[in-house]
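First up is the structure itself, then whatever we jot down about it.
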Amino acid sequence: MEAFAKKFDLDYMRTSDLEEARRCLRTGGAAVAHVKGNREGYVGAFSNGGHYIAVISEERDGRIATLDPSFRPDKYDKEGVKGLVEIKNGVLTLSEMDVLMSDTENPKPNRFFLFWRK
């Protein structure tokens, strides 16, 4: 992620702080979230095994808009996930912030990778 920021001359920050991620989105930045997938007692909404998704905005209603590189139309219909993620305009996904926070939960830091234009 750091190499990406450097290549495109972007300011960059790693964080697990929800408010820092929201501030980034509200000030024209973008974020990448590391969703961790399924774990004991938890079904991952965005992934079974973990990957990265683009967090592109916070909607007026407080939901988070994301782009998921492993998107497919039936992806969010599985048991334990149905109703947590809404598909809008064909590929944009909307979810409550707590869904994203649960999916990025891990003892390791850095739920979010934040980017801003300089």
Side-chain angles (χ1 to χ4, degrees):
M1 300 281 179
E2 194 169 335
F4 174 85
K6 187 174 182 175
K7 179 176 181 171
F8 293 100
D9 195 30
L10 300 170
D11 286 331
Y12 166 72
M13 176 183 171
R14 297 175 183 215
T15 188
S16 287
D17 185 290
L18 170 62
E19 289 311 311
E20 192 68 48
R22 282 186 149 146
R23 201 167 17 263
C24 173
L25 295 173
R26 290 176 185 153
T27 59
V32 172
H34 185 196
V35 293
K36 308 301 195 291
N38 298 343
R39 55 188 178 274
E40 190 174 326
Y42 182 78
V43 176
F46 290 97
S47 176
N48 292 329
H51 68 279
Y52 296 90
I53 61 174
V55 183
I56 60 171
S57 68
E58 182 174 14
E59 300 293 290
R60 290 182 181 144
D61 65 4
R63 292 185 300 169
I64 299 301
T66 58
L67 294 171
D68 186 345
S70 69
F71 174 84
R72 60 183 192 283
D74 65 340
K75 179 176 183 177
Y76 307 103
D77 291 340
K78 65 184 177 182
E79 188 174 332
V81 174
K82 192 171 182 100
L84 296 178
V85 178
E86 176 189 342
I87 300 169
K88 187 173 182 180
N89 299 331
V91 295
L92 184 71
T93 55
L94 298 173
S95 68
E96 298 294 334
M97 182 57 92
D98 64 338
V99 172
L100 184 59
M101 292 302 286
S102 293
D103 261 32
T104 58
E105 187 174 315
N106 190 314
K108 295 180 182 178
N110 305 324
R111 288 177 158 160
F112 304 104
F113 303 86
L114 309 179
F115 301 90
W116 297 269
R117 289 182 303 272
K118 292 185 177 185

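Residue numbers run from 1 in the order of the sequence given.
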Verify same cluster id: Ile64, Trp116 (apolar side-chain graph, 4.5 Å): yes
Mind checking what makes salt bridge (Lys or Arg N to Asp or Glu O under 4.0 Å) contact with [X], not counting sequence neighbours?
X: Lys118; value: Asp9
X: Arg14; value: none
X: Arg117; value: none
X: Lys36; value: none

Please examine the side chains of [Y] and [X], heavy atoms only from C-beta on, and report whether any two atoms are closer than 4.5 Å.
X: Leu94; Y: Asp61; value: no
X: Val81; Y: Phe46; value: no
X: Tyr76; Y: Asp68; value: yes
X: Thr104; Y: His34; value: no

Hydrophobic cluster of Met1, others only, ordered by chain and residue number, side-chain cut-off 4.5 Å: Phe4, Phe8, Leu10, Tyr12, Val32, Tyr52, Phe113, Phe115
Residue Glu19 excluded, over 12 heavy atoms near CD under 6.0 Å: yes
Approximate separation, where rounding is to 0.5 Å, of Leu100 CG and Leu84 CG: 12.0 Å
Ser16 (side chain) donor-acceptor with Arg111 (main chain) under 3.5 angstrom: yes
Side chain Ser57, main chain Glu59, donor-acceptor under 3.5 Å: no
side-chain hydrogen bond (donor to acceptor under 3.5 Å, both in side chains) contacts in which one or both residues fall within residues 87-100, not counting sequence neighbours: Thr66-Thr93
